[in-house]
Structures are given as structure tokens and as C-alpha cells.
Peer 1: 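Just passing along the structure, written as C-alpha cells.
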Amino acid sequence: MNLVQEMKARLARALTEAAASARAAGEIVYDQLPTFVLEVPREKHRGDFAANLAFLLAKEARMSPRQLAEIILRYLERPIPGVAKVEVAGPGFINFTLDGQWALPVLPAVLAEDEYYGWSDIGRGEKVQVEFVSANPTGLLHMGHARGAALGDTIANLLAATGFEVTREFYINDAGNQIENFALSLEARYLQALGIEAQVPEEGYHGYDLIDTVHRFIDQVGDKYLDADPALRREMLVRFALEEKLTAIRETLEDFGVYFDVWFSEQSLHDRGEVARTLNDLKERGYLYEKDGALWFKATLLGEEKDEVVVRQNGLPTYFAADIAYHRNKFERGFSRIINIWGADHHGHVARLKGAMAALGYDADRLEIVLMQLVRLFKGGELLRMSKRTGQYVTLEELLEEVGRDAARYFFVMIKPDSHLDFDLDLARSQTAENPVYYVQYAHARICSILRLARERGLEVPSPQEVDLRCLGHPAELELVKKIAELPETVIGAARGLEPHRLTRYAQELAALFHNFYTNCRVLADEENLRGARLILATATRITLRNVLRLLGVSAPERM
RNA sequence: GCGUCCGUAGCUCAGGCGGAUAGAGCAGCGGUUUCCUAAACCGCGUGUCGGGGGUUCGAGUCCCUCCGGGCGCACCA
């Protein structure tokens, strides 16, 4: 349990006992004590924690919250260690003001836990899978994939940091219609490259990257497939292109700091007969029927608006059919939580996929879908239009060249997934204070600089046992200590809600408090004990900042 | 039309399970450095939380409705 949790638990216990004493003394009545919360008031002057217990008791006790709060306060046993003041405030809040130094014990803990400070084990080793990006291997990665990559990877980091056993997975859509179109497009480019009139189909892939791919194919095999069986020709082209595209995707993602544990092929589901087996099971369970020569899934049986085709008239299964088989496969692999990061344009797919899982007898609540709204790129105040059709879009690779990995990752998770993201390229690439990434990284570099200077002067960071930390009494110091102590709960909250943007906010708050401390307090003070304590505080801040940045996949530079 | 997400300061956005007088950053204005990185710090905000209704001790937060915008509503994925 971390420091903040301990304090909350202590206060909650004290209040519970006070209420019980008051009831025993006949001053208040209640059947069962309602579950109340201890929250951090928005305004600092109201104290460190506020309890809403009196409001919740008011109805049953038939007394005003204010009165109740005063009675409970009378029965509250004091002193409570670490608490400086308790008072009734406003319409009936019980406010606790802590001893300003209550959080100091976090400092030795941070130094001891070092790269694991902020980590916890609330996941208890449960197996979680996070599937994200899963871009079609027919092209390059665009901004939607980039946001998904940053979000998915950070969520995976958060889950790992809170004690889950995480698998990162990329689903390769290497089967179906689009591969057919891909093949035809490649074939057209191949024939064109060999001087033969051919056209990329209307629904095909018009990007110029395919021309390059085909040229490399020709470098290897020449015109060998010019007169070959078109089916064989297309197969060879697809095999070559997929390999090349996937390699490019993997390399770009690695440049972005994203590494997958599993690359899962859709085609393999078909090859192993899992799609057929899944359809068969759905049929046995009465969820399939035939109409117009196609096979339909009875989504309406599960509250959906309309049924869905799973096998087309031409006998080929749809993407949906493969997706059902895929997600069943995930369940069969023993994950207790299955998390998908999807673009909002797929939201219509959520309910029917969950429905299909329920139809197969799985608990659909264990399948969690994080929907993220789409990304718009701005440059020079102008919206950059993107069109896959014409092959005109900014790729992740180009973005990384332009703004770098740190800014890109930070910007993509800075805003909650539900909101549209207006990505300002000029801001992200600017190396000024306007750019939040630099602000946070600068705080880290600044600390490193102090620690470097200390070393040069032969001043080592002392071990916390050798120093009396109670000399840290300046408000700037104590605010910084309190913020450091919040990290574990921030990480838990962000992991629980699958909300990485809480991390960037925390990072900015922490950096701001450090900068404030830096301006007000000289770390390398003359007095030895004070200097030691401040070196410890600076080190703890450095560790905390670095750990948050690590969760975000952003570097923590030692110099800037 | 149906579903879904969004609408909070000039701009970009936060606002755990409903809590007190709604907060940050940026932009703007004015200050701060003989001293550890000024990529910093400090000060300055009259917001119909899109409108209206409801639930309750209390609503930016929950429910209903309307308005505005994004995205879905294929035998595409």
C-alpha cells in the first residue's frame, strides 16, 4: 500500500470509529455506515482530504449534515498521527489538514524502489492482451495508426506497471477481399513496369509505394511472371509485398518505441479451420441462417439493429466471421481481459462482436474496446487533408522525421481517446516552452545537471538514513513531495480507466512544482544536512519524472 | 432517420465513485538572473460549463429533450 492510500485508510478508520462511538452514545442513528469518500479538495486552503460522510448519513439520521459532522468530530479520537487539524467546513464536510511534512517518508521509498517507484501489483499477474494498430499490411502507417500505437503501447505499459501480465498483439489482415484488391493492384503495377498496359482497379491501392515495391520485386525475379499463370503471379507478388510491407511497418513502429509480442495472421485462422469451426459452433447454437444465398449471423437476437453476413454468396467468409474466430481464439488462449484499441470509425462493430462472443458462451465484458476519435493534422494553421485513395497522406515515418518520437508519442496520448485530436505539427516540432514535452523533459535535464554538478564538487547524494529530512519545510519543497507521493495512485487510476492522458497531466504538474522548487530553494545549499535533504528530493523527483516518461515511451534526457 | 462520440476561458484541453467559490497550458500584458540550465519562475481571468427541463441536501459530471459538429449504419475492412 502506498503512502496516500495508507493515510486515506487511517482517516477512514478514524471516522468509522467516531461514527460508531457517536451511535453507541445515542447521538446519531444509522443502520449501516454508508461508504463515503475521502477526496482531495480543489482548493488547497480546505486541507488535504475532505470526507463527505455527514451528507450520506443525513437522511437516515434526520439531521443536517453540518450537525452530524460536528457530532462525529466530537467523537473523533485525536491526535491522529500525521494530522494537524480536523474541522467541519461548508455545509458539512469534514476536512483534514495534514502535517505539512506527512509525505516525507515517500522520499526514502522512492530512492529504494527506484525504477519501480509508482508500480503496484493490483493486477495480480492476470493475463491481459492489448491488441492495437493492426494496420492493413497493404500500405504505410498513417496518423490514426500512430495514435493507436501510442495509446495502445502506453495502456500496455500502464497495465504492466500495475501488475498485469501483458501481451501486445498486432493482427495482420492478410486475407480476404482487400488482399484480392492488393494483388490486382500489384499485378497492374507489375505489368506497367514491364511496359504492358494495365490499370489499377478502382477499388485498388493507388499509392506510389506499390510502384517501388514492384520494382524491387522485378530486381529479384525480373519478368519471370509476365507470362505465368495470373493466379501464381498474383500470389508471388502478394507474398513479396506483404513481407516487405510488414517489415516496414514493424521497423516504423520500433522507431516509435513500440514492440509487439505477437503478430497474428488472419490467414492462419482460415488455414487452421478456426473460422469454419467457429461458424459451425454458431450454427449449432442457433445463431446462423441462410438468406439470399448468404449465411447470416442473428445479431438481432442479441439486441442489434440488423443481422450480419458471415459468409457471402460467393462462399467466402466476411471479415466479421474471421474476427469472431480471432476473438474466440483470444479467449481460448486464456486472457482474462482482452483489450482492443480501435478507431471510432469501427464503433459499429463493437456491439456485434461482443454479441458474437456472448453467443459463443464467453463473457463479453471481458472484451474491452477503447475507441479513439480520429486525428487531424494541422500545419501553419491549416488542416492537412488525407486521402488513402490517392495515396496522399502523412505517414508515421514522415511524422517521426518531422517532430521526433518523443513529441509524437506525448501529443498522441495527451488528450483523452474520446476527443478528436488536432495535432499541431508546428507546436510539436518547436523546441520552446510552448511545447509541453520539452517543459517536462527540461525539468529532468535540469535535475540531472544539478546532480552532475554536485558530483563534480564531490557531493554525493546521501542515503536517506543519514539525513534529517524534516529540514524540508518550504512550501515549494512540501508541495513537490506531496506530488511525488501521488504517483502510485495516478498510475493506478490511469491504468484502471485506460486513460494515459492522466500521465501527461501528472508529468506537467510535477515538472511545474519542481521548477517552482528550483527557483525558491537552492539545492546545493551550504548547510550539509539541508543540502543532503534537497539532493534526495531532487533525486526522487528525477526518478518519478523518469518513470512517468518511461510509461509514456518518451525519453528522459540528461542534457538539453 | 437510427446509433455513437464531442461541445468547458481568445486557442488547445483537464475536470476518479455527483461535492464547497469550475481549473491547467498556450497566446496577451507586466515583472524576476552578481547564485545549481531563463527551454525557468512570479503576478494579472466578468467562463450563460451549447440551450432547456428533470433527479437531489448538492449537477460540468446522472436522466430526458433540443441545437451544432465528427464518425458509423455494405454480401468493405
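This is a predicted model, so every value here is computed, not measured. Note on naming: letters A, B, ... go to the chains in the order of the sequence lines (proteins, then strands), and numbering restarts at 1 for each one. Below, all heavy atoms of this structure are taken into account, side chains as well, without hydrogens, waters or symmetry copies.
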Peer 1: So what does A:Ala351 hit on the nucleic acid, given a heavy-atom distance under 4.0 Å: a base, only sugar-phosphate, or nothing?
Peer 2: nothing

Peer 1: Using salt bridge (Lys or Arg N to Asp or Glu O under 4.0 Å) as the criterion, list what pairs up with A:Asp48, not counting sequence neighbours.
Peer 2: A:Lys482

Peer 1: Would you write the dot-bracket representation of RNA chain B, where each base gets (, ), [, ], | or . depending on whether it forms a Watson-Crick or G-U pair under 3.5 Å and with which partner?
Peer 2: (((((((..((((.....[...)))).(((((.......))))).....(((((..]....))))))))))))....

Peer 1: Nearest of B:C41, B:U37, B:A77 to any side-chain atom of A:Tyr439?
Peer 2: B:C41

Peer 1: Could you please name the option among B:U37, B:A20, B:A77 that lies closest to any side-chain atom of A:His346?
Peer 2: B:A77

Peer 1: Tell me the interatomic distance from A:Asp526, atom CG, to B:C36, atom P, rounded to whole angstroms.
Peer 2: 13 Å

Peer 1: Any salt bridge (charged side-chain N to carboxylate O under 4.0 Å, His left out) involving residues 172-183 of chain A? Give me the pairs, sequence neighbours left out, ordered by first then second residue.
Peer 2: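 As it turns out, there is no salt bridge (charged side-chain N to carboxylate O under 4.0 Å, His left out) pair with a partner in residues 172-183 of chain A once direct neighbours are skipped.
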
Peer 1: Base, sugar-phosphate, or nothing: which does A:Ala454 touch, judged by heavy atoms less than 4.0 Å apart?
Peer 2: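 A:Ala454: no heavy atom of the nucleic acid under 4.0 Å.
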
Peer 1: If you measure from the C1' atom in B:C35 to the same atom in B:A40, how many Å do you get, rounded?
Peer 2: 15 Å

Peer 1: Quote, to the nearest angstrom, the C1' distance that separates B:G50 from B:G7.
Peer 2: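 Result for the C1' pair: 6 Å, nearest Å.
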
Peer 1: What residues in residues 409-419 of chain A put a non-hydrogen atom under 4.0 Å from any atom of RNA chain B?
Peer 2: A:Ile415, A:Lys416, A:Asp418, A:Ser419

Peer 1: Of the nucleotides B:G16, B:G19, B:U37, which one has an atom closest to the side chain of A:Arg452?
Peer 2: B:U37

Peer 1: Answer yes or no: are there more than 12 heavy-atom neighbours, outside A:Glu528 itself, under 6.0 Å from its atom CD?
Peer 2: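 Atom CD in A:Glu528 is not crowded, with 12 or fewer foreign heavy atoms closer than 6.0 Å.
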
Peer 1: Using a cut-off of 4.0 Å on non-hydrogen atoms, how would the nucleic acid contact of A:Ala538 be classed: base, sugar-phosphate, or nothing?
Peer 2: nothing

Peer 1: Mind checking whether A:Met143 and A:Phe423 have side chains closer than 4.5 Å, heavy atoms only?
Peer 2: no

Peer 1: Mind checking A:Leu453 for me? I need base, sugar-phosphate or nothing, with any heavy atom below 4.0 Å counting as a touch.
Peer 2: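 Sugar-phosphate, no base atom in range.
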
Peer 1: Check A:Arg452 with A:Glu456, please: is the shortest side-chain N to carboxylate O separation under 4.0 Å?
Peer 2: no

Peer 1: For A:Cys521, what residues pass the side-chain contact (heavy atoms from CB on, under 4.5 Å) criterion, not counting sequence neighbours?
Peer 2: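 In terms of side-chain contact (heavy atoms from CB on, under 4.5 Å), with neighbours along the sequence ignored, A:Cys521 is linked to A:His474, A:Glu477, A:Phe517, A:Arg534.
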
Peer 1: Residues in salt bridge (Lys or Arg N to Asp or Glu O under 4.0 Å) with A:Asp418, at least two apart?
Peer 2: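 Salt bridge (Lys or Arg N to Asp or Glu O under 4.0 Å) list for A:Asp418, sorted by chain: empty.
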
Peer 1: Just how far, in rounded Å, is P of B:A77 from CD of A:Gln178?
Peer 2: 7 Å

Peer 1: How many whole angstroms separate atom NE2 of A:His349 from atom P of B:A77?
Peer 2: 10 Å

Peer 1: Could you measure between the two C1' atoms, the one in B:C62 and the one in B:C75, and give it in whole Å?
Peer 2: 41 Å

Peer 1: Given that A:Glu489 and A:Gly348 both sit by RNA chain B, which one's nearest nucleotide is further toward the 5' end?
Peer 2: A:Glu489

Peer 1: Applying side-chain contact (heavy atoms from CB on, under 4.5 Å), name anything that partners A:Thr519, two or more places apart in sequence or on another chain.
Peer 2: none

Peer 1: Examine A:His349 together with A:Phe320 and report whether their ring centres are nearer than 6.0 Å.
Peer 2: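 Here the rings of A:Phe320 and A:His349 have centres that are less than 6.0 Å from each other.
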
Peer 1: What distance, rounded to whole Å, do you find between the two C1' atoms, one in B:C5 and one in B:A9?
Peer 2: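 Here B:C5 and B:A9 have their C1' atoms 23 Å from each other.
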
Peer 1: Could you pull out all donor-acceptor pairs under 3.5 Å where a side-chain atom in residues 49-63 of chain A meets a protein atom, sequence neighbours excluded?
Peer 2:
from: A:Asn52; atom 1: OD1; to: A:Val37; atom 2: N; distance (Å): 3.0
from: A:Glu60; atom 1: OE2; to: A:Asp31; atom 2: N; distance (Å): 2.6

Peer 1: Hey, does the side chain of A:His501 come within less than 4.0 Å of B:G15's phosphate (OP1/OP2), counting only N and O?
Peer 2: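 Looking at the OP1 and OP2 atoms of B:G15, one of them is under 4.0 Å from a side-chain N or O of A:His501.
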
Peer 1: Within 45° of the six-membered ring axis of A:Phe93 and under 6.0 Å from that ring's centre, is NZ or CZ of A:Arg46 located there?
Peer 2: no

Peer 1: Can you tell me how far C1' of B:G18 sits from CZ of A:Phe55, to the nearest Å?
Peer 2: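 From A:Phe55 CZ to B:G18 C1': 12 Å.
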
Peer 1: Heavy atoms under 4.0 Å, any strand shown: does A:Glu558 hit a base, just sugar-phosphate, or nothing?
Peer 2: base

Peer 1: What is the nucleic acid contact for A:Arg46, judged by heavy atoms within less than 4.0 Å: base, sugar-phosphate only, or nothing?
Peer 2: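 Result for A:Arg46 = base.
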
Peer 1: With C1' as the reference atom in both, quote the distance from B:G16 to B:G52 in angstrom, rounded to an integer.
Peer 2: 29 Å

Peer 1: Got a sec? Which of residues 509-523 of chain A come in under 4.0 Å of RNA chain B, heavy atoms?
Peer 2: A:His515, A:Asn516, A:Tyr518, A:Thr519, A:Cys521, A:Arg522, A:Val523

Peer 1: For A:Ala294, answer base if it contacts any base atom (sugar-phosphate contacts may also be present), sugar-phosphate if it contacts only those atoms, and nothing otherwise; contact means non-hydrogen atoms under 4.0 Å.
Peer 2: base

Peer 1: Is A:Arg352 touching bases, backbone alone, or none of the nucleic acid, heavy atoms closer than 4.0 Å?
Peer 2: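 A:Arg352: base contact, heavy atoms under 4.0 Å.
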
Peer 1: Hey, can you pull the donor-acceptor pairs under 3.5 Å for the side chains in residues 493-501 of chain A, sequence neighbours left out?
Peer 2:
from: A:Glu499; atom 1: OE1; to: A:Arg502; atom 2: NE; distance (Å): 2.9
from: A:Glu499; atom 1: OE1; to: A:Arg502; atom 2: NH2; distance (Å): 2.7

Peer 1: When syn is taken as a glycosidic angle within 90 degrees of 0, is B:G69 syn or anti?
Peer 2: anti

Peer 1: Work out how far the P atom of B:A24 is from that of B:A20, and round it to whole angstrom.
Peer 2: 15 Å

Peer 1: May I have the distance from A:Leu421 (atom CG) to B:C71 (atom P), rounded to whole angstrom?
Peer 2: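 In whole Å, B:C71 P and A:Leu421 CG are 15 Å from each other.
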
Peer 1: Within this structure, what is the CE-to-C1' distance between A:Met560 and B:A40, rounded to whole angstrom?
Peer 2: 12 Å

Peer 1: Starting from C1' on B:C13, measure out to CD on A:Glu499 and report it in whole angstrom.
Peer 2: 14 Å

Peer 1: Write down the distance separating the C1' atoms in B:C57 and B:G68, rounded off to the nearest Å.
Peer 2: 35 Å

Peer 1: Can you work out whether A:Pro41 or A:Lys59 has the more 5'-proximal nearest nucleotide on RNA chain B?
Peer 2: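 This one resolves to A:Pro41.
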
Peer 1: Which residue pairs pass the side chain to side chain donor-acceptor pair (under 3.5 Å) test when at least one of the two sits in residues 289-302 of chain A, sequence neighbours left out?
Peer 2: A:Tyr289-A:Asp307, A:Thr300-A:Asp307

Peer 1: Assess whether one donor atom and one acceptor atom, taken from the side chain of A:His347 and the base of B:G3, lie less than 3.5 Å apart.
Peer 2: yes

Peer 1: If we take the P atom in both B:A74 and B:A14, what is their distance in whole Å?
Peer 2: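 Looking at atom P only, B:A74 and B:A14 are 31 Å apart.
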
Peer 1: Would you classify A:Asp323 as touching base, sugar-phosphate or nothing, given that sugar-phosphate means primed atoms plus P, OP1 and OP2, and contacts are heavy atoms under 4.0 Å?
Peer 2: nothing

Peer 1: Among B:A38, B:A39, B:G19, which is the nearest nucleotide to the side chain of A:Arg446?
Peer 2: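 Ranking B:A38, B:A39, B:G19 by closest atom to the A:Arg446 side chain puts B:A38 first.
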
Peer 1: In chain order, what residues pass the side-chain contact (heavy atoms from CB on, under 4.5 Å) check against A:Lys306, with sequence neighbours excluded?
Peer 2: A:Glu308

Peer 1: Determine whether A:Asn181 and A:Gln178 satisfy the following criterion, side-chain hydrogen bond (donor to acceptor under 3.5 Å, both in side chains), listing intermediate values before the conclusion.
Peer 2: CA-CA 5 Å; A:Asn181 282 327; A:Gln178 46 158 3; over 6 Å; no

Peer 1: So which nucleotide from B:A74, B:G69, B:G72 ends up closest to the side chain of A:Lys306?
Peer 2: B:A74

Peer 1: Would you say the base of B:A20 and the side-chain of A:Asn95 have a donor-acceptor pair closer than 3.5 Å?
Peer 2: yes

Peer 1: Rounded to whole Å, please give me the gap between CD in A:Glu39 and P in B:G58.
Peer 2: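 Rounding to the nearest Å, CD of A:Glu39 and P of B:G58 are 17 Å apart.
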
